Each structure stands twice: as C-alpha cells, then as structure tokens.
Number of protein chains: 6
Amino acid sequence: MLKILLMTGDAGEAQEIYYAKYRLEEEGWQVHIAAPEKRAFLSVVHDFEPGFDTYTEKPGYRVEADLGLADVEPTSYDALVLPGGRAPEYLRNRPNAVAIVRHFVESGKPIAANCHGPLLLIVAGGVKGKTLTCYPDLEPDVRAAGAEFVNRDVVVDGTLVTVRGWPDNGPWMREFVRVLKGRAGAESTN
Amino acid sequence: MLKILLMTGDAGEAQEIYYAKYRLEEEGWQVHIAAPEKRAFLSVVHDFEPGFDTYTEKPGYRVEADLGLADVEPTSYDALVLPGGRAPEYLRNRPNAVAIVRHFVESGKPIAANCHGPLLLIVAGGVKGKTLTCYPDLEPDVRAAGAEFVNRDVVVDGTLVTVRGWPDNGPWMREFVRVLKGRAGAESTN
Amino acid sequence: MLKILLMTGDAGEAQEIYYAKYRLEEEGWQVHIAAPEKRAFLSVVHDFEPGFDTYTEKPGYRVEADLGLADVEPTSYDALVLPGGRAPEYLRNRPNAVAIVRHFVESGKPIAANCHGPLLLIVAGGVKGKTLTCYPDLEPDVRAAGAEFVNRDVVVDGTLVTVRGWPDNGPWMREFVRVLKGRAGAESTN
Amino acid sequence: MLKILLMTGDAGEAQEIYYAKYRLEEEGWQVHIAAPEKRAFLSVVHDFEPGFDTYTEKPGYRVEADLGLADVEPTSYDALVLPGGRAPEYLRNRPNAVAIVRHFVESGKPIAANCHGPLLLIVAGGVKGKTLTCYPDLEPDVRAAGAEFVNRDVVVDGTLVTVRGWPDNGPWMREFVRVLKGRAGAESTN
Amino acid sequence: MLKILLMTGDAGEAQEIYYAKYRLEEEGWQVHIAAPEKRAFLSVVHDFEPGFDTYTEKPGYRVEADLGLADVEPTSYDALVLPGGRAPEYLRNRPNAVAIVRHFVESGKPIAANCHGPLLLIVAGGVKGKTLTCYPDLEPDVRAAGAEFVNRDVVVDGTLVTVRGWPDNGPWMREFVRVLKGRAGAESTN
Amino acid sequence: MLKILLMTGDAGEAQEIYYAKYRLEEEGWQVHIAAPEKRAFLSVVHDFEPGFDTYTEKPGYRVEADLGLADVEPTSYDALVLPGGRAPEYLRNRPNAVAIVRHFVESGKPIAANCHGPLLLIVAGGVKGKTLTCYPDLEPDVRAAGAEFVNRDVVVDGTLVTVRGWPDNGPWMREFVRVLKGRAGAESTN
C-alpha cells in the first residue's frame with residue numbers, strides 16, 4: 001500500500017484537495033493531509049463567474065488535517081500531492097514545508113501539483129529544466145524558475161504530473177495514478 | 001466508450017457532481033450533465049460545522065448543463081448518476097426526470113446514487129426490495145419505499161451503487177467503475 | 001391559558017418559527033420552543049429567486065430554545081407547532097422528537113405543520129388517511145404515507161392544520177387559532 | 001373590508017414587513033405594500049449576535065411591492081403600517097412618502113410603526129406630544145421631535161401603535177388589530 | 001505631535017475609519033481608536049449597488065480598538081474624528097461617549113465627522129447654529145437640531161469639518177489637516 | 001497638476017485602491033483608474049482573522065474604472081500606482097498592462113506599489129537591482145527577479161515606493177507624495 005502526503009491548509013482549493021484524496025484512496029492507498037497545524041482548516045471555492053476578470057473566491061469545505069507540518073516525516077511517504085488555491089503562496093515561506101517538498105524533488109518520488117501548487121515546487125528547486133503546466137496566470141513565475149510552461153490539460157514530465165486547475169482534476173489523477181502504478185510495477189519487478 | 005447521464009440542477013451538491021463527472025471521464029467515458037434546462041446552474045456546498053445540528057449550505061460552484069431534461073434520450077446512455085444536495089427533492093416531481101430514471105431502473109442499467117439522490121429512485125420505483133444506503137436522515141423514506149437501509153460507506157446491490165454523502169465519494173466511484181467495467185466485460189464476452 | 005409546543009432547531013425556517021410563536025402569544029398563550037438542545041440555534045431564510053429552480057437558503061435569525069427535546073413533557077402541552085425548513089428532516093430521526101409528536105397525534109391534540117413540517121408527522125404515524133398540504137415537492141412522501149395531498153393555501157383536517165410554506169403563514173395561523181379556540185370553547189362547555 | 005397601506009422598500013426589516021402583512025390579512029383585510037417603485041425589492045435580516053455591539057444585518061427575503069409611491073392614493077386606505085429596518089431613513093426624504101404619511105397623521109387614521117419606522121412619522125409631524133416607543137437607539141430623535149419615549153414592548157397612544165423591533169411583533173399587531181377593530185366598531189355604531 | 005481620538009465601534013464604516021487613521025498618521029500625529037470596549041471589532045462596507053434604493057452593507061475589516069470608552073481622557077487629545085456607518089447611532093446613547101464628544105465641542109477643539117458621524121455631534125450639542133454636511137438622508141436630523149445642511153463634498157465651519165460619506169474622504173482629510181495645521185501654527189505663534 | 005494612473009481591476013484590494021486615489025486627489029492631482037475594461041468592477045477585502053493561516057477574502061467595494069487598458073496613453077501620466085489584491089496576478093499576463101508599466105519603469109517616472117502590486121513590476125523588468133518590500137509571502141518572487149526584499153513598513157528606492165499591504169497605506173502615500181513633490185520641485189527649478 002502506497003503512502004501519499006497531501007500538503008495544503010487554510011485557503012487551499014476545495015475540489016483539488018478532496019478529489020485527490022478520495023481518488024487516491026480509491027486505489028487502496030493511504031493519504032495523509034498535512035497543514036501548518038493538525039486541526040480542521042477551511043478550504044476555498046475558486047470559480048469563474050461571468051463579468052469578473054479572474055477567479056472568484058468563496059468559503060469552501062472544512063478539511064481535517066491529519067498532521068501538522070512539524071510532524072511530517074517525508075521519507076515515510078511514496079508520493080506528494082500539492083493542491084492549489086491560495087495555500088501554496090504562504091506554505092512556500094515556511095521552511096519545514098519547503099524541506100518536505102525538497103525531499104520529494106530530490107528523491108525523484110512522484111509529485112502531483114495543481115493550479116497554484118507549483119509555487120511550492122519552484123522554491124524547492126523542483127521545476128528547473130522541467131516542462132509543466134499550472135494556473136495560466138503563473139506562467140511568468142514558472143518561466144522565471146527555468147521551466148517550460150505548456151497550456152494543456154495535463155503535463156507529465158518524468159514523475160511530475162501538473163494540471164491548470166480543478167476543471168482538470170480528471171486528467172490530473174488519471175496520469176498520477178498511472179505514474180504511481182508504473183513505478184510500483186517497476187519496483188515490484190526489481 | 002460508455003455514455004453516462006448525470007442528472008442534477010440548481011442546489012445539487014458540488015463535490016458529488018464534479019467528483020463523479022471527472023472520475024468517470026478518467027476512464028475515457030463520456031458524461032453528460034442533464035438539468036431542467038440547458039444552462040449554467042449553481043451547485044451548493046453541504047458541509048458539517050461544529051455547533052450546528054445538521055449540514056450547512058453555502059453557495060457552490062457553477063456547473064454547465066450539457067442538456068435540458070426535455071432533450072435527454074435515456075436509451076442512448078449506458079448508466080445513470082444521481083448526485084445529492086437538494087436537487088433530487090424537486091427533480092422527482094418533474095415527470096420527464098422520473099421517466100428518465102425509470103428507464104434505467106427498468107432496463108437494469110447501472111445507477112450510482114449519492115446522499116439525497118435515492119429520492120429520485122424511490123419515485124421511479126427503483127428501490128423496492130433493494131438494499132441501499134443514502135444520507136442517513138433519509139432512512140425513513142427508504143424504508144417506507146420497501147428498501148433495506150444500511151449505514152455503511154458504500155452498498156452495491158446488483159447494478160445499484162449507493163453512498164451516504166460526498167465523504168464517501170471514493171468508495172462510490174470505486175464500486176461504480178467496477179460495476180461498469182464488469183458489465184462491459186460480461187457484455188463483450190457474450 | 002393554552003400551552004403550545006413548537007419543535008424545530010438549526011436550519012428551521014425563520015419566518016415559520018417566529019410567525020407562529022408571536023401569533024400564538026398574541027392570544028395570550030404560552031409558546032415553548034423545543035430544539036435538540038436548550039441553546040440559541042440558527043434558523044434559515046428559504047426564499048425564491050429568479051433563475052434558480054428551487055428555494056434558496058441563506059443564514060437567518062438566531063432563535064433561543066426554551067428547552068431541549070429530552071426535557072419536553074408532551075402531556076403538559078395543549079398543541080404542537082411544526083415549522084418547516086430543513087429541521088424536520090433530522091428531527092424525525094431522533095426518537096425523543098418522534099415520541100413527542102406521536103403524543104399529539106394519538107391524543108388528537110391540535111397540530112399545525114408548515115412546509116417540511118409534515119415529515120415529522122409521517123414518521124409519527126400522523127398522516128395516514130388524512131388530507132393535508134405541505135411544501136409541494138413533498139407530495140410523494142405524503143402520498144406514500146397514505147395521506148391525500150392538496151395544493152391549497154391551507155388545509156384543515158380535524159385538528160390538523162397544514163400549509164405549503166411561509167407565504168401561507170397568514171392562513172396557517174388564522175385556522176390554527178380558530179381550531180384552538182373552538183376546542184377551548186368545546187371543552188369549557190363540557 | 002379594511003384597506004391598509006404598508007410602506008417600506010429595499011433594506012426594510014424582513015420580519016416586520018411580513019408579520020404585519022400576513023397578520024392583517026388573517027383578519028380578512030387587504031394589505032398593499034408600497035415602495036419607491038413597483039418591483040421586487042430586498043428586505044434585510046436585522047439580528048443580535050454575541051460579541052457585536054449593535055444589530056447585525058444580513059440579506060433577507062425578497063418582497064413584491066404592490067405599487068410605487070407615485071401611485072399611492074392615501075385617501076383610499078384605512079390605516080398605515082411602517083415597518084423598520086433601514087428603509088425609513090431614506091423614505092423620509094422622499095416628498096411623496098412624507099405626504100402619504102402626513103395624510104394618515106392628519107386624518108387621525110391608525111398607524112402602526114416598528115423599530116426605525118417612527119423616523120417617517122417624525123418628518124410628517126406625527127409624533128409631537130405623543131407617547132411612543134421605537135428602536136431604543138432612536139430615543140434622541142423621538143425626544144427631539146417633541147415626543148415622550150417609553151422603553152416598553154408596545155405603546156398605544158390614541159390610534160398610534162408603536163413597538164421597539166421585530167421581537168415585539170406580537171404585541172405590535174395584537175394592539176393594532178384591537179385599535180382597528182375598535183375603530184371599525186365605533187364607526188359602525190355611528 | 002498632535003494626539004487625535006477616533007471614536008467608533010462595531011458597524012463603523014470601514015474606509016472612513018481607516019482613511020482617517022492612516023491619513024492623520026501620515027502627518028506624524030498619534031491616532032487612538034476608542035470603541036465601547038478595548039478589543040477587535042468589525043467594521044462594515046457601505047456601498048451603492050445598482051437596483052437597490054439605499055446603501056448596501058457587507059462585513060468589513062476588523063479594527064483594533066486602542067482603548068475602551070471608559071478609559072478615554074478627552075482632555076489629553078487635540079482633536080476628534082467621528083467616522084460614520086451604523087456605530088454613531090448607538091454610541092450617542094452611551095453617556096461616556098456623549099461626554100467625550102461634548103468635551104471637544106465645548107472646548108472648540110477640531111472635529112471631523114463623516115456620513116452618520118454628526119449624529120453624535122447632535123446629542124452632544126455640537127451642531128446648533130452650525131453649517132455642515134453629512135449623509136444626505138440625515139438632513140432632517142441635522143435641521144431639527146438647529147444646523148444648516150449643505151449638500152457639498154466638504155463643509156468647514158470653524159473647526160468642524162464634515163463630509164457626506166467615504167467617497168468624500170479626500171476633501172474630508174484635506175480640510176481637517178489644514179484646520180489642524182492652522183491651529184497648531186496659530187498656537188505656536190502665541 | 002500631476003496626472004497619475006492607477007492600474008487595477010476585479011479583485012483589486014479595496015483600501016489600497018481607494019486610499020491612493022483619495023490621498024493623491026487631496027493634493028489636487030488627477031487620478032485615473034485603469035482596468036481591463038471601462039466599467040464598474042468589484043474590489044475585495046483582504047483581512048487577517050484569528051484561526052486562519054493567511055489573509056481572508058470578502059467582497060469589497062465597487063470601483064468605477066475611468067478607462068480600459070486599451071485606451072491608456074502612458075506618456076500622458078506622471079506617475080503610476082499599483083495597488084495589490086489579486087488583480088496584479090492576471091494583469092501581468094495582459095500585454096497592454098505590461099507595456100504600460102514598462103513605460104513608467106523605463107522613463108523613471110515614480111511608481112507606488114502595494115502588497116501584490118510588485119508582481120506587475122517584475123514582469124515589466126522594474127525590480128532588478130532594486131530594494132523593495134511587498135506582501136511578505138511574495139519574497140521568493142521578488143528575490144527570483146533580482147531584487148532585494150526588506151520587510152519594513154515602506155521602502156523608497158529612487159522613485160519606487162513600496163509597502164507590504166493596506167496596513168501600511170499611510171507610509172505608502174506619505175513617501176509617494178514626497179517623491180512626487182520632490183520631483184515636481186526639481187523639475188520646476190530646472
């Protein structure tokens with residue numbers, strides 16, 4: 001059974017958090033949600049409404065964090081999920097969050113990032129030379145970090161699976177499950 | 001490629017709609033969302049918050065209906081998805097919605113229902129003698145309709161897959177995909 | 001002085017609760033609000049807005065419960081009021097709530113129910129063979145319980161007074177007061 | 001059958017509008033709601049919540065205006081109802097609204113005012129020398145206008161019936177109905 | 001360095017509070033926010049939206065009160081700021097608030113009032129014989145108190161600076177700073 | 001009279017927009033608000049509330065855009081204001097917005113940026129080698145762009161004036177006005 005870490009917190013995007021959690025649990029894998037502290041936090045609903053030039057934000061679902069960032073042992077997890085929303089913006093300034101992401105980047109373990117999730121990858125040195133997608137308005141950040149941005153529903157580069165937002169949740173998890181199973185298969189044949 | 005109909009509308013539960021849609025599309029299947037009219041409608045966020053004796057309701061995500069109820073040809077679909085929220089309460093009083101559900105019930109095609117979704121099954125004669133689950137506060141309605149209610153994360157009775165709410169989205173779709181694949185396999189061997 | 005019990009709780013409909021309470025108090029009668037616990041709870045505003053296929057829900061007024069369900073002695077009350085909203089859906093699954101309603105049904109004491117309020121009557125065996133009205137989308141539940149549904153502003157069947165929603169608050173209380181006064185008159189003449 | 005005019009508009013208090021309307025209709029009387037224009041307007045929910053030093057305001061129920069101020073013929077009505085909320089603050093600056101109120105004041109027809117409703121009476125010259133109550137924070141305005149303020153659930157001074165807010169809706173209408181019936185009786189005996 | 005008192009509380013208008021505070025601090029002056037109690041309170045957003053006949057109200061910014069009304073020593077301040085919103089309506093009924101305002105009125109110290117702020121001046125006897133402006137719907141209150149109302153972006157009468165609402169924040173503080181500097185200059189030359 | 005351009009749009013931060021506009025107008029200067037289109041747009045309230053790990057977002061004030069981006073002639077303005085909120089994130093991906101900012105950067109005209117406003121400067125090549133501040137969670141972006149980040153209430157580097165958020169509105173405009181006046185003085189002496 002794979003163990004997967006999902007890192008988010010207050011203002012994380014509701015559907016991106018819960019789709020990933022339930023989808024990966026469908027496979028029989030264990031998903032732990034890590035947030036700054038082990039408590040219930042509030043996700044947000046990011047949506048697109050006529051007559052507004054960017055996404056709107058409304059209060060979303062409560063989410064129960066399984067553990068706080070200080071209690072995460074990254075080596076005990078096989079993969080990392082980084083949902084979007086506004087959580088990645090502040091998580092990337094918390095050293096323990098960055099150290100956790102860096103573990104997954106450096107060990108080459110699979111990472112799934114959605115929307116603003118790649119902001120966390122950038123500070124952890126995880127996008128340089130990579131091809132990826134993300135919320136399109138982050139293209140300047142991704143390019144500045146040395147990655148190639150592609151505006152497509154899903155981009156798989158090695159073990160990194162990225163999408164643009166929750167409307168791409170399907171391709172996101174379809175490819176991430178494929179990567180995780182492929183890896184599990186490869187390992188079991190060794 | 002399977003074609004699947006998802007019936008909901010204003011006040012349908014946000015996560016139950018989108019999880020089913022994206023999850024089934026992951027399999028390469030086509031999902032059509034039918035609502036009273038072909039337009040964007042507003043889903044709701046049903047959640048559980050401390051100090052409130054039932055679920056809370058907040059505005060959710062916009063959802064684009066692919067077609068209105070009047071334009072649904074049920075025979076062209078292989079399966080039916082009935083998300084919850086407050087949409088099933090009024091859909092069950094629209095004769096064309098009931099006729100559509102009845103087609104799936106009578107033809108034995110797979111049906112996935114979540115939370116308040118079984119309200120639509122009841123009026124279409126689809127639960128008598130069945131074992132199922134649903135939002136637990138609907139137990140009296142289910143029993144009155146001649147079904148056995150079980151409070152469990154997911155119940156599969158033949159081709160009917162039912163769960164209690166969006167926190168059971170994972171088991172819901174895991175079993176529904178299994179049913180749909182099993183059926184597809186059975187048919188292809190015939 | 002009559003003593004009247006009003007049973008509701010979180011998500012009960014705001015106007016249906018307060019109209020009944022203040023209207024009956026106008027007559028010099030005592031109204032006790034019973035909810036799952038003796039505390040302030042939050043009612044909801046159910047309304048109808050253009051472009052939405054069912055009622056909308058917004059946060060309503062705070063309501064102070066006079067007593068919790070566990071402390072209700074139904075025999076000390078002369079009549080029962082069941083406002084609507086979403087409270088009846090969960091109250092009907094609480095055995096002490098059902099037992100309370102059953103007392104009024106079996107003793108033939110007057111009952112006023114509004115909108116979703118009849119859901120509580122159904123589980124307490126109080127509608128079989130009766131003619132009543134309620135929120136029209138509940139027609140299937142009422143029929144399944146053996147009652148005749150009539151879509152009219154107010155229906156009086158013996159001591160049971162039912163209406164469709166808060167827009168019928170006037171006829172609701174007009175008839176309920178008439179029933180209560182008639183009964184009081186009948187009793188005083190005995 | 002009495003004809004009663006209820007004057008309010010956007011930001012009028014929800015319960016004060018609807019309680020008066022439905023309560024007076026219970027008596028078989030006709031209630032016309034007049035607002036600046038004949039259209040659906042939005043009432044507000046004024047409530048009291050812990051930790052906030054005054055009433056809170058939330059969006060309330062939609063209300064259908066039967067006629068615009070320009071179309072009101074005050075002589076055709078037997079009585080006037082002035083609910084509170086924030087509508088009286090701006091209505092008192094519309095000359096046609098003030099002229100309407102003045103008709104009722106000068107003709108001695110019954111007037112029921114709630115909460116901020118007396119603001120309209122003041123500008124129409126209807127409180128000088130009167131004893132009345134209102135939302136207690138308006139005491140300075142009432143005194144400045146030459147009236148005596150009493151902090152009591154309901155005050156009847158001749159044909160003027162005033163209360164402090166929607167929690168006093170019961171006494172408000174109980175006394176107003178009494179005044180109207182007394183007057184009708186007096187007139188019929190003449 | 002001037003010391004300035006700003007008096008408001010829950011439901012004070014957000015922009016009127018913060019514009020005055022930050023603007024006066026720009027000059028190197030000290031601004032103390034006094035509210036009923038020393039705690040964080042919630043301001044409101046008053047705005048104008050199409051299709052609504054008065055201002056709308058939404059939850060605003062949190063504001064930290066520097067001190068409670070009971071702890072204000074008015075003689076230690078050089079000037080007073082009275083933002084609008086709904087706070088002045090209840091503050092004028094608190095004797096300690098009125099006593100504070102009266103000190104500034106009687107000592108002739110500069111006062112800046114915005115929107116509903118002049119309600120506090122009226123009860124403290126600070127407008128009689130003055131010319132001022134305010135939220136235009138308060139014209140009757142101002143006139144009744146013996147002041148002349150002018151509908152203009154800003155009115156300076158001696159050391160009293162008044163405006164109609166936050167859209168006049170610029171002229172409000174421009175003139176108030178001018179008055180304060182002029183006075184400081186006058187005093188230093190004495 | 002100086003002419004100043006303020007660039008923002010839907011989801012721009014309410015106080016940062018209006019404080020700058022009114023403050024600069026106090027000086028007798030003309031401020032034009034440019035947004036993607038010339039229409040009323042909706043600002044947001046970004047605030048800090050206990051128990052939430054980042055800023056919260058609520059609907060703010062409506063703002064009237066004086067002109068659309070396509071109609072801006074940057075050479076006709078003396079200075080540029082870039083408020084924060086979520087508007088800079090998408091404005092920086094609109095070529096005409098970037099071209100406008102670049103004009104001010106390259107011509108050395110004064111620029112005031114607040115909170116997320118520097119995101120627009122980065123893509124326009126305006127921060128390399130500069131010292132500045134901004135919303136602290138943007139430190140990685142600023143550093144990646146070759147600027148030095150300082151966490152201080154206001155930073156002035158040549159004609160660039162930056163602050164961290166609306167709580168620093170006072171220092172923001174105090175310094176920006178100083179820069180603008182100094183420049184005007186320098187020019188007038190030439």
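Excluded from the calculations below are hydrogen atoms, water molecules and symmetry mates; all remaining heavy atoms, backbone and side chain alike, are included. Note that this is a predicted model, so its numbers are computed, not measured. A, B, ... follow the sequence lines: proteins, then strands. Residue 1 opens every chain.
- Ranked by heavy-atom pairs under 4.5 Å with chain F, the list A:D137, A:T56, A:V44 is led by A:D137.
- Other residues, nucleotides and ligands place more than 12 heavy atoms under 6.0 Å from the NZ atom of F:K3.
- Interface summary for chain A: among F:G51, F:A87, F:P59, the most heavy-atom pairs under 4.5 angstrom belong to F:G51.
- There is no contact between A:A144 and chain F, counting heavy-atom distances below 4.5 Å.
- The two residues F:D10 and A:T54 make their nearest non-hydrogen contact at O-CG2, 4.2 Å.
- Counting only heavy atoms from C-beta outward, the side chains of F:F52 and A:L42 approach each other to under 4.5 Å.
- Only the side chain of F:R39 comes within less than 4.5 Å of a heavy atom of chain A; its backbone N, CA, C and O stay farther away.
- Contacts between residues 88-123 of chain A and chain F, counted as heavy-atom pairs separated by less than 4.5 Å, involve A:E89, A:Y90, A:R92, A:N93, A:R94, A:H116, A:V123.
- Between A:E57 and F:K58, every side-chain heavy-atom pair lies at or beyond the 4.5 Å cut-off.
- Looking at A:Y135, only its side chain comes within 4.5 Å of chain F, counting heavy atoms on both sides.
- Interface check for chain A: of the options F:P140, F:P36, F:A145, the most heavy-atom pairs under 4.5 Å are formed by F:P140.
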